[in-house]
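Just so it is clear, the model here is predicted, and its values are computed rather than measured.
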Amino acid sequence: MTGTWLKGGDATADAALRLFCFAHAGGGGGFFRPWRELLLPEIEVCPVILPGRETRVAEPAHRSMGDLIGPLCEGLAPHLDRPYALFGHSTGAAIAYEVARRFQDDPARAPRRLLVSGRRAPHLAPRRPPFAGLADDDFLRVVAELGGTPEEVLRQRDLMRMFLPALRADFHLNESYRPLPGTRLRCPLSGFTGDRDPEVTPLELRLWQTTSEGPFRMRVYDGDHFYLAGLPEPLRSDLRQDLREDIGQPVP
């Protein structure tokens, strides 16, 4: 893959910690755009751009976690020159988890923390029947029901059909995902969810604590699967608290 894995813009050379952010299936780096200014100057938000979307729309999207993780970690490796953490929402939580596992055995490149949102623990069996292989109209109907895709985009059928290959690939990756071979995490782990999220219960989120030998902290907010859109103040405050702990800064 020749495209850049990180979305450019509002970065700062002075941030003490980088936060690599992975969006939900069908999402992109733009989902985290509002986060950047809100978490500076201590935290540099670095949205990850996967092949098949945004500036990499011409590249084929990955359909399996095993195929994605190698090139992804190779692309992120040059950016691990300062302390960093990984945040993933929904499908992005699984991707962030596998990236953390891949880098943790090198002390110079291990993450300070993994933050997962809106996803059940990786060892739990899927709750929803697979739908990535449905006919176009049926597939788009289910995507619309899940939320996260603006209505004005869904109404543009020609535009949606252009994005269909990458969108299907995302959901195929999600539906086929099982934890890759490897050891348990050793870093601290934070879990976040909305109290009305139909995709995960607080108990299913809490089971993430079994994936790491490090301390686990969980928080539940008012909202549905996309409770985190725009980075509401309660989540922003909690992210700052956790990440400041990881870089040894006092929490105000």
Side-chain angles (χ1 to χ4, degrees), residues 1 3 5 7 21-34 47-69 71-72 87-98 116-122 124-180 192-201 204-205 221 223-230:
M1 298 294 177
W5 291 88
K7 189 174 184 69
C21 295
F22 299 83
H24 52 283
F31 184 78
F32 297 104
R33 186 177 295 114
V48 177
I49 309 300
L50 301 182
R53 65 223 66 200
E54 295 176 313
T55 55
R56 308 185 68 183
V57 68
E59 300 179 47
H62 291 280
R63 291 168 53 86
S64 76
M65 189 72 75
D67 290 339
L68 169 64
I69 289 300
L72 171 55
F87 180 96
H89 178 62
S90 198
T91 298
I95 298 173
Y97 169 63
E98 294 295 349
V116 295
S117 166
R119 187 180 182 90
R120 310 163 80 226
L124 297 179
R127 177 195 299 167
R128 182 187 296 276
F131 64 90
L134 292 176
D136 288 355
D137 288 344
D138 293 332
F139 174 73
L140 291 174
R141 175 182 51 79
V142 177
V143 169
E145 292 171 354
L146 291 174
T149 305
E151 259 189 64
E152 58 271 21
V153 174
L154 289 168
R155 286 197 296 266
Q156 300 181 53
R157 306 299 281 184
D158 290 341
L159 180 64
M160 285 303 300
R161 292 185 192 284
M162 184 177 72
F163 292 134
L164 263 178
L167 196 56
R168 282 191 187 277
D170 274 4
F171 284 103
H172 191 279
L173 182 149
N174 180 61
E175 292 170 358
S176 64
Y177 171 66
R178 302 294 181 273
L180 301 179
F192 309 93
T193 190
D195 59 2
R196 300 185 303 281
D197 189 337
E199 301 299 312
V200 58
T201 67
E204 291 167 337
L205 181 73
Y221 303 95
D224 57 17
H225 191 56
F226 291 98
Y227 73 93
L228 70 168

**OP:** Report yes or no: is the cationic atom of Arg53 (NZ for Lys, CZ for Arg) under 6.0 Å from the centre of the six-membered ring of Phe163, at an angle within 45° of the ring normal?
**Re:** no
Original post:
Mind checking whether Trp5 and Leu72 have side chains closer than 4.5 Å, heavy atoms only?
Top reply: yes
Subject >> For Pro198, side chain to side chain contact (heavy atoms under 4.5 Å, CB included) partners two or more places apart >> reply: His225
Original post:
Donor-acceptor pair, Glu98 side chain versus Ile69 backbone, under 3.5 Å?
Top reply: no
Original post:
So do the side chains of Leu228 and Tyr221 get within less than 4.5 Å of each other, counting heavy atoms only?
Top reply: no
Subject >> Nearest non-hydrogen partners of Ala169 and Ala61, listed with the distance >> reply: CB-CB, 3.6 Å
**OP:** Mind checking the CZ-CZ spacing from Phe139 to Phe131? Nearest 0.5 Å is all I need.
**Re:** 5.5 Å
Subject >> Donor + acceptor pair across side chains of Ser117, His89 (<3.5 Å) >> reply: yes
Original post:
Which distance, rounded to the nearest 0.5 Å, do you find between the CG of Leu173 and the CD1 of Ile95?
Top reply: 5.5 Å
Subject >> Audit row: Leu134, Leu140, side chain to side chain contact (heavy atoms under 4.5 Å, CB included) steps and yes/no >> reply: CA-CA 9 Å; Leu134 292 176; Leu140 291 174; over 6 Å; no
Original post:
When rounded to the nearest 0.5 angstrom, what distance separates CZ in Phe22 from OH in Tyr97?
Top reply: 14.5 Å
Subject >> Pro71 to His62 - nearest heavy-atom pair and separation >> reply: CG-CE1, 4.3 Å
Original post:
Is the closest basic N to carboxylate O distance between Arg119 and Asp197 below 4.0 Å?
Top reply: no
Subject >> Contact summary for Phe87 and Ala96, nearest pair of heavy atoms >> reply: C-CB, 4.3 Å
Subject >> Under-4.0 Å salt bridge between Arg128 and Glu199 >> reply: yes
Original post:
How close do Gly29 and Glu54 get, heavy atom to heavy atom, and via which atoms?
Top reply: N-OE1, 2.8 Å
Original post:
If you measure only the distance, is there a donor-acceptor pair under 3.5 Å linking the side chains of Ser64 and Tyr177?
Top reply: no
Subject >> Test item: Pro126 and Arg178 side chains (from C-beta on) under 4.5 Å apart, heavy atoms >> reply: yes
Subject >> Between OG1 on residue Thr91 and CG on residue Leu50, distance to nearest 0.5 Å >> reply: 10.0 Å
Subject >> Spatial distance of atom CD1 (Ile49) from atom OG1 (Thr55) [nearest 0.5 Å] >> reply: 5.5 Å
**OP:** Would you check if Phe226 and Leu146 make a side-chain contact, meaning some heavy-atom pair closer than 4.5 Å?
**Re:** no
Subject >> Partners passing side chain to side chain contact (heavy atoms under 4.5 Å, CB included) against Arg127 (at least two apart in sequence or in another chain) >> reply: Arg120, Thr201, Glu204
Subject >> Heavy-atom check, side chain of Asp136 versus side chain of Arg168, under 4.5 Å >> reply: yes
**OP:** Kindly say whether Gly194 contributes a backbone atom to a donor-acceptor pair with the side chain of Asp224 at under 3.5 angstrom?
**Re:** no
**OP:** Enter the distance from Asp170:CG to Glu175:CD here, rounded to the nearest 0.5 Å.
**Re:** 11.0 Å
**OP:** Side-chain contact test, heavy atoms from C-beta onward, threshold under 4.5 Å: evaluate it for Lys7 versus Phe32 and give yes or no.
**Re:** no
